[in-house]
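Everything on this sheet refers to the single structure shown next.
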Amino acid sequence: MNNITVGLLAHVDAGKTTFAEQMLYHTETIRSRGRVDHQDTFMDTHEIEKARGITVFADQAEFVYKDSRYFLLDTPGHVDFSPEMERCLQVLDYAVVILSAVEGVESHTETVWQLLRQHNIPTLFFINKTDRAGADPQRVLEEIRQQLSGNALMLPQLPGEALTDELRVFIAERDDALLEMYLEGALPDNVCRSALPDMLKRGDIFPCMQGSALLDQGVDGFLEVLNALTFTEYDHELPFAGRVYKIRHDDKGTRITYIKALQGVLKNRDNLMYGHGPERVSARVTGIRKYNGTKYISADWAAAGELFAVVGLTEALPGEGVGELTDSQESGLIPTLKSKVLFEPPVHLKELMNAFGQLGAEDPSLNVSWDEELQELHIHVMGGIQLEILEQIMAERFRLRIAFGPPEILYKETITGTVYGYGHFEPLGHYAEVHLKLEAGDRGSGITFINSCHPDDLAVGYQHQIGQHLLESSHHGLLTGSPLTDLKITLLSGRAHNKHTSGGDFREAAYRALRQGLEQAVNLLLEPVYDLKLRIDSDYVGKVMSDIQQASGSFNPPEITESKAVITGTVPVASFMNYGVRLASMTQGKGSLSLRVAGYQPCHQTETVIQQRNYNKNADPAYSSTSIFCAKGQAYPVPWDEAEQHMHIKVR
């Protein structure tokens, strides 16, 4: 039997969860169909989801249809929970994108589509809500073709219904062998249909169906199409390999690791390798669970193609490979906001850190951090709705009453050009010296480390220590104290002492070398930016373009048709976080806005941000560019601008 993982994705309110209910009902997985407005759906199991009527957590179900077993992942549709959705993409065999027949392609639909294409996931569409006033499936199909892919095609609604000549031409044009048969006048329906599964798998076509999930129209036909067009080829004989796609904790705090098996078989009590790089660890699987909604059964084994969960892996993170799979997939959706956690007695810091430790394991994009100097706990988030949900989770799950400060833009810092940094750490009984080269890295590259130090200058073990110290910690810049990024650090040389070098000496010297280099560099403040896409009536083009320009955005020449215009560009998150309200006011509610985080660019208001942050590098106890030397049994500090002349290794 085929094991096939299918993900449901959509813009919020497109009817995704209702569609999932119908699929489960038609395959006899559930006895009655729940409704979002009745708060009784099989997939939205959390009280928060029921109360708000939106999917927050990616939950799964299992059903059998004809000769295949399907693992269904219902993913969040709200943009604030996009990282949860993206983690699921790493384990999908196929995706189904749900669109409303009234609203059509919306902003988050485009974000979902771009992610699906990055992951090369075969995709089908279901145009939902055809029963509503204003529904126009044909218009939505054209929107899909214009805005997402020209390879979308509407399939017949009834199983076995003959393909039209137009449809056969459409399919034949995307396959050389079929086109040759068509031109020779010999392309029967059965040959055309038999080619569709491979064409879908390759991304040559994106089949569409239509109906109303609420009224149970078109779901039977979609299941037929899904079964006819999808297949997988997993090998059960190979050594086990899988990927972690979700972390949860049960009521007792036990860590549950959700895995997609990509090959082989995993048995209960097996030892399983996980993590990536040289620090992979082995842990014994103490339980295998197979979930269907909130319920699970304990199992003795799990095989290739299945979704399951294990107990026993205490440190595995979403995206990591397990078993024979050693790589790790990072999220492409980066939070652009940070917020301070507000709490007071009787909430204790230890309780709070434990709770956020669990949440941080479940959602690494939160990037939970404690600021020792300010005695503040910070998290990174996608938006305000996420903060509201987190407040509820802390109250209901952990019984902790907290609040959050207003979300702030998450700025970053880097440098331009190339500088050299020197650090020396020699208080009495200690010794370490480090020489670094700092260069501006490519945008989005983060911190990279290159070792160019010769073993004759410094033992290899110490070299590895320096690299680990420079990569293990998140460093901050000099302008606002924001995280440092897009920096290439090269270890040039170093020196140890046979007797006195110990412990964290190279950590201290490496940090001082990094910061001494930053003091010499031209530092650059970076801000998060969106890729912008606007659809407006042509009458508003001039007004909207002027408004974008005044808000420090940039745009390409607009694409204008008779009555509509599409404007694309790049805009600062700081200016456009709440732009939807402003656009609706300017266009009398007729504009459509799509914003997608597109990384970081030089800040458009550097001086203003520096003044607002009021960061004083000299008052930051975690920051020191001063080297420590020793003479006549007495340690003494040397400021960064004099350190180069005091170094024991000949500089450059």
Side-chain angles (χ1 to χ4, degrees), residues 9-12 56 75-90 105-119 147-148 318-319 329-339 363-367 378-387 389-390 406-414 441-446 474 482-486 524-535 548 551-556 567-583 592-605 609:
L9 305 101
H11 187 95
V12 69
V56 175
T75 68
H78 196 286
V79 66
D80 280 17
F81 309 103
S82 297
E84 176 90 349
M85 174 270 293
E86 189 190 17
R87 285 190 284 273
C88 292
L89 299 190
Q90 300 172 0
V105 176
E106 300 180 84
S107 58
H108 192 56
T109 316
E110 296 196 51
T111 299
V112 164
W113 179 253
Q114 290 165 352
L115 289 169
L116 288 171
R117 300 286 53 79
Q118 288 174 18
H119 289 271
Q147 299 170 33
L148 306 182
Q329 292 192 3
E330 302 293 332
S331 172
L333 294 172
I334 307 167
T336 59
L337 304 174
K338 69 174 181 178
S339 184
D363 182 1
S365 70
L366 288 176
N367 200 14
H378 295 116
I379 61 169
H380 295 180
V381 292
M382 299 293 288
I385 299 295
Q386 186 179 4
L387 290 177
I389 296 294
L390 285 170
E408 302 175 358
I409 298 295
L410 182 59
Y411 293 96
K412 295 187 179 183
E413 296 184 33
T414 188
D442 294 334
R443 195 68 68 237
S445 61
S474 58
S482 297
L484 196 63
T485 189
D486 300 347
L524 185 65
L525 185 67
L526 302 175
E527 67 177 345
V529 295
Y530 289 130
D531 276 341
L532 166 87
K533 192 170 189 178
L534 286 169
R535 292 185 193 83
I548 293 172
S552 301
S554 61
F555 48 82
N556 304 311
I567 301 174
T568 58
T570 304
V571 296
V573 169
S575 308
F576 285 80
M577 260 195 307
N578 303 309
Y579 194 72
V581 176
R582 181 171 174 80
L583 179 69
S592 169
L593 171 67
S594 171
L595 296 171
R596 182 171 185 268
V597 177
Y600 279 74
Q601 290 186 3
C603 183
H604 76 284
Q605 49 180 3
V609 174

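For clarity, every value in this text was computed on a predicted model and none was experimentally measured.
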Go through the steps to decide whether Asn367 and Ile379 satisfy the test side-chain contact (heavy atoms from CB on, under 4.5 Å), and finish with yes or no. CA-CA 6 Å; Asn367 200 14; Ile379 61 169; over 6 Å; no
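Remark: Asp531 CG to Thr568 OG1 distance equals 8.5 Å, nearest 0.5 Å. With rounding to the nearest 0.5 angstrom, the CG atom of Leu526 is 6.0 Å from the CG atom of Asp486. Taking OG of Ser82 as the start and CE of Met382 as the end, the distance is 5.0 Å to the nearest 0.5 Å. Distance check: Leu9 CG to Thr111 OG1 gives 11.5 Å after rounding to the nearest 0.5 Å. A distance of 11.0 Å separates NE2 in His119 from SG in Cys88, rounded to the nearest 0.5 Å. Taking CD of Glu413 as the start and CG of Leu524 as the end, the distance is 9.0 Å to the nearest 0.5 Å.
Side-chain atoms of His11 come within 3.5 Å of backbone atoms of His108 as a donor-acceptor pair (strictly under, hydrogens ignored).
Considering all non-hydrogen atoms of both residues, Thr485 and Gly446 come closest at OG1-CA, 3.4 Å. Residue Val609 comes nearest to Cys603 through the heavy atom pair CG2-SG, 4.0 Å, listed as atom of the first residue, atom of the second, then distance. Pro335 and Val381 make their closest contact through CB-O, 3.3 Å (heavy atoms, listed as atom of the first residue, atom of the second, distance). Considering every non-hydrogen atom in both Phe555 and Ile567, the closest pair reads CB-CG2, 3.9 Å.
Side-chain contact between Glu527 and Val573 is absent, with no heavy-atom pair separated by less than 4.5 Å. Between Asp363 and Gln386, some side-chain heavy-atom pair lies under the 4.5 Å cut-off. A heavy-atom distance below 4.5 Å is found between the side chains of Leu534 and Ile548. In this structure, the side chains of Gln90 and Pro318 stay at 4.5 Å or more apart for every pair of heavy atoms. Using a 4.5 Å heavy-atom cutoff, the side chains of Ile334 and Leu410 are not in contact. For the pair Leu525 and Tyr411, the minimum side-chain heavy-atom distance is below 4.5 Å. Leu116 is listed as a side-chain neighbour of Leu89, based on a closest heavy-atom distance under 4.5 Å. Looking at Ser474 and Pro483, their side chains never come closer than 4.5 Å, going by heavy atoms from C-beta outward.
Here Arg596 does not pair with Glu110 in a salt bridge; the nearest charged N to carboxylate O distance is not below 4.0 Å.
For Arg117, there are no salt bridge (Lys or Arg N to Asp or Glu O under 4.0 Å) partners at least two apart in sequence or on another chain. By the side-chain hydrogen bond (donor to acceptor under 3.5 Å, both in side chains) test, Gln147 pairs with Arg535, sequence neighbours left out.
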Enumerate donor-acceptor pairs with a distance under 3.5 Å from any side-chain N or O in residues 574-582 to protein atoms, sequence neighbours excluded.
unit_1 : atom_1 : unit_2 : atom_2 : d
Ser575 : OG     : Ala551 : O      : 3.2
Tyr579 : OH     : Asp547 : OD2    : 2.6
Arg582 : NE     : Asp547 : OD1    : 3.1
Arg582 : NE     : Asp547 : OD2    : 2.8
Arg582 : NH2    : Asp547 : OD1    : 2.5

